Amino acid sequence: ALVSMRQLLDHAAEYSYGLPAFNVNNLEQMRAIMEAADKVDAPVIVQASAGARKYAGAPFLRHMILAAIEEFPHIPVVMHQDHGTSPDVCQRSIQLGFSSVMMDGSLKSDGKTPADYDYNVGVTRTVVNFAHACGVSVEGEIGCLGSLETGMAGEEDGVGAEGVLDHSQLLTDPEEAARFVKDTGVDALAIAIGTSHGAYKFSKKPTGDVLRIDRIKEIHARIPNTHLVMHGSSSVPQEWLQIINQYGGDLGETYGVPVEEIVEGIKHGVRKVNIDTDLRLASTGAIRQFMAKNPAEFDPRKYLAKTIEAMRDICIARYEAFGSAGQA
Ligand code: G3H
Ligand code: 13P
Ligand code: NA
Ligand code: ZN
């Protein structure tokens, strides 16, 4: 059944677990997520970005998610719009039937320029007003996602600030977060605590302290009833990087957020964990490997089936690690 995000996150908070929110762009990702959730009995959050709408088209995305709900009626599914850049974008998604929207007012409507507090409150409050009137949940963001190593947003052409940010922008301030929640009434709040979007998060192997857990604790202590959201939460599996490079790919050395650190965040109020890059890496690795080993094969279903399997295994691992397995 289609449910609001608030419903799932309230349950997750009550039972102290976290929910992965996977980005979807195509049938294979959708199937991988649903088959994984079905296998381990987990509730589902699927999210569509502006890039996903551009690639698949909003009606295709919508009907794909509705098809998932039809095929797996026993699994609660949130249809979430990721990184809305304006109230108009969010309104259109609500009209399309999304049960949850993100208004990312940490950036201006170009999705690149860091916005000030008043702008962020203005657009987010507007979305909360019309979304709540329709029973739709709202995620806001305070602080800009980006690398604490370099100050860069992390993605060349994806979501993220342009230029170099300083530490005061890259780490969410607990007092400002509390004020923002009071001023806007958001259901969930994305915070900046050391993660960035994309595959290039950390240049050195993490030694157990990539997330600012101290900051998560301070924010959670200040707003214990707000569900915290971690963007840029891919773990960048080294085994998939290696497979990609072994079969003709060319990805540089890079590391993601260790799953154990995400689990630590979940102990301190993180309820929604956004993952896109890991599924991209797994499906690319699966295709490269299949193509290299089966040069005479030309039925796309053969290699696309491998991508479903590869992505499904990652989804299962995250549902289990975050404690959402068994909660559907
Ligand atoms: O937040 C960013 C997500 O990874 C979506 O990326 O805009 O390339 O679809 P995208
Ligand atoms: P990753 O790039 O780490 O997968 O993050 C995805 C995300 O935050 C989508 O909003
Ligand atoms: Na989101
Ligand atoms: Zn994001």
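Both ligands and their constituent atoms are indexed starting at 1 by order of listing. The structure presented is a predicted model; accordingly, all values stated were derived computationally and were not measured.
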* Structure fact -> If we number the atoms of ligand 1 from 1 as shown, the ones under 4.0 Å from a heavy atom of D82 are 1 (O)

* Asked: Between R31 and E71, is the closest basic N to carboxylate O distance under 4.0 Å?
  -> yes

* To do: Step through the shown structure and confirm whether more than 12 heavy atoms of other residues, nucleotides or ligands are within 6.0 Å of OH on Y55.
  => no

* Donor-acceptor pair, side chain of E139 and main chain of V186, under 3.5 angstrom -> no

* Structure fact -> A student checking ligand 1 against S49 at a 4.0 Å heavy-atom cut-off should list atoms 5 (C), 7 (O), 9 (O), 10 (P)

* Asked: Between D88 and R92, is there a salt bridge with N-O shorter than 4.0 Å?
  -> no

* Per-atom contacts, ligand 1 versus H83 - under 4.0 Å to a heavy atom -> 1 (O)

* Ion pair present between R301 and D299, side-chain N to carboxylate O less than 4.0 angstrom? -> yes

* Asked: Is ligand 1 less than 4.0 angstrom away from at least one heavy atom of R53?
  -> no

* Structure fact -> Atoms of ligand 1 under 4.0 Å from any heavy atom of H197, numbered from 1 in the order shown, are 1 (O), 2 (C)

* Structure fact -> With rounding to 10 degrees, H197 NE2, the Zn ion (ligand 4) and H83 NE2 define an angle of 100°

* Structure fact -> At the Na ion (ligand 3), OD1 of D82 and NE2 of H80 open up to roughly (10° bins) 120°

* **D276: numbered ligand 1 atoms lying under 4.0 Å from its heavy atoms** => 3 (C), 4 (O), 5 (C), 6 (O)

* Structure fact -> Answer key: the N, O or S atom of H231 nearest to the Zn ion (ligand 4) is ND1

* Asked: Checking R271 side chain against V229 main chain: does a donor-acceptor pair fall under 3.5 Å?
  -> no

* State whether E218 and R215 are salt-bridged, where the test is any N-O pair (Lys NZ or Arg NE/NH1/NH2 against Asp/Glu carboxylate O) under 4.0 Å. => yes

